[in-house]
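First the structure, in the form of structure tokens, and then the observations on it.
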Amino acid sequence: MEFFFKPKNIYSLRKRLGKVSKLLDRALATGRCFIFEDGGRHTTSAPPILAGLASDVCIHGHLNAGTAALECALEGLPTILIDREGAPYSKLYELPKDKVVFQDWPSAIDALMEHFNSSDGIPDFGDWSSIIDELDPFRDGMAANRMGNYLKLLIDGYDKGLERDEVMAKAAELYAEKWGSDKIVIS
């Protein structure tokens, strides 16, 4: 078994790990552990999907920010979530408990061990198919483009001196014209 780690912030990893950092060094020395260490200004420069594609299971350590997990799940990679902070009202809690969402590391590790030690694994382990279309109804890899265009519509509205509500309504209208009114959620 090999392990790939893609920390969000490589620069503070060793400090955050404290004494456990020595265990990490031992694991790295075996050649069966790899850390994506190249960093940008504030974060590790490797995209989450790069680590995900090298892995059998992706593990995301937070429910309050699940974008890296979503990126892997959209590629059909088994992806589990650890809700360390306790975010029970997250949309992600609609995913199967103890198959995708775990409340702590020990229960996730136990499930991982069971999954890998059984001949067929745990059925539907890390499977997001129950909500993936709600999270990205397009499934075309163009989400960043759509978000960027939408943000530009907002900025253009403010640059024209429009009021907040008018900016929001116009951006939603133009987005709906291009991508479909069924993709607009108003709350």
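Salt bridge annotation for D165-K170: absent, with no cationic side-chain nitrogen under 4.0 angstrom from a carboxylate oxygen. A salt bridge is defined here as a Lys NZ or Arg NE, NH1 or NH2 lying under 4.0 Å from an Asp or Glu carboxylate O, and D127 with K99 fails to meet this definition.
Taking the side chain as every heavy atom from C-beta outward, L17 and L23 never approach each other to under 4.5 Å. In this structure, the side chains of I59 and L81 stay at 4.5 Å or more apart for every pair of heavy atoms. Contact of the R14 side chain with the D25 side chain is registered, since non-hydrogen atoms from C-beta on lie closer than 4.5 Å. Within the 4.5 Å cutoff, the side chain of M113 has heavy atoms near those of the I109 side chain. Side chains of P7 and I35 form a contact here, defined as non-hydrogen atoms less than 4.5 Å apart.
How far CG of L174 is from CG of D156: 9.5 Å, rounded to the nearest 0.5 Å. Rounded to the nearest 0.5 angstrom, Q103 CD and I82 CD1 are separated by 11.0 Å. For the atom pair C58 SG and E75 CD, the distance stands at 10.0 Å (nearest 0.5 Å). L53 CG to F4 CZ: the interatomic distance, rounded to the nearest 0.5 Å, is 11.0 Å. The CZ atom of F116 lies 10.0 Å from the OG atom of S118; values are rounded to the nearest 0.5 Å. Taking NE2 of H60 as the reference point, atom CG of L92 lies at 8.5 Å (rounded to 0.5 Å).
Here the side chain of T79 pairs a donor or acceptor atom with the backbone of L77 at under 3.5 angstrom. Under a 3.5 Å cut-off, the side chain of R84 and the backbone N or O of G61 do form a donor-acceptor pair. Looking at H115, its side chain does come within 3.5 Å of a backbone N or O of I122 through a donor-acceptor pair.
R146 forms a cation-pi arrangement with F138, by the criterion of a distance under 6.0 Å to the ring centre and an angle within 45° of the ring axis.
Other residues, nucleotides and ligands contribute at most 12 non-hydrogen atoms within 6.0 Å of the CG atom of D38. For R16, the CZ atom counts as densely surrounded, since its 6.0 Å shell holds more than 12 non-hydrogen atoms of other residues, nucleotides or ligands. Applying the 6.0 Å contact sphere to CD of E177 captures more than 12 heavy atoms from other residues, nucleotides or ligands.
There is a side-chain donor-acceptor pair under 3.5 Å between Y93 and D83. Remark: the S107 side chain and the D104 side chain contain an N/O donor-acceptor pair separated by less than 3.5 Å.
Cluster annotation: I10 is not connected to L50 through the hydrophobic network of ILVMFWY side chains, with a link wherever side-chain heavy atoms come within less than 4.5 Å. Connection of F34 to L13 is not established within any shared hydrophobic cluster, with ILVMFWY side chains joined at heavy-atom distances below 4.5 Å, either directly or through further cluster members. Note: the hydrophobic cluster containing L95 does not contain F125 (ILVMFWY, side chain heavy atoms under 4.5 Å, direct or indirect links). Each of L70 and M142 belongs to its own hydrophobic cluster when Ile, Leu, Val, Met, Phe, Trp and Tyr are linked at side-chain heavy-atom distances under 4.5 angstrom. The hydrophobic cluster containing V57 also contains W105, counting ILVMFWY residues as joined when their side-chain heavy atoms lie under 4.5 angstrom apart, directly or transitively.
Residues C72 and I49 share a closest heavy-atom pair of CA-CD1, 4.0 Å. Contact record, L153 with Y175: CD1-N, 4.2 Å, taken as the closest heavy-atom pair. When all heavy atoms of D56 and P78 are compared, the closest pair comes out as O-CG, 3.5 Å. Between E94 and S130, the shortest heavy-atom contact is O-OG, 4.3 Å. Here the shortest heavy-atom pairing between A111 and F102 reads CB-CE2, 3.4 Å. Across all their heavy atoms, A172 and Y150 have their closest contact at N-CE1, 4.0 Å.
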(Q) Run I155 and V167 through side chain to side chain contact (heavy atoms under 4.5 Å, CB included) and show every step you take. (A) CA-CA 8 Å; I155 291 167; V167 168; over 6 Å; no

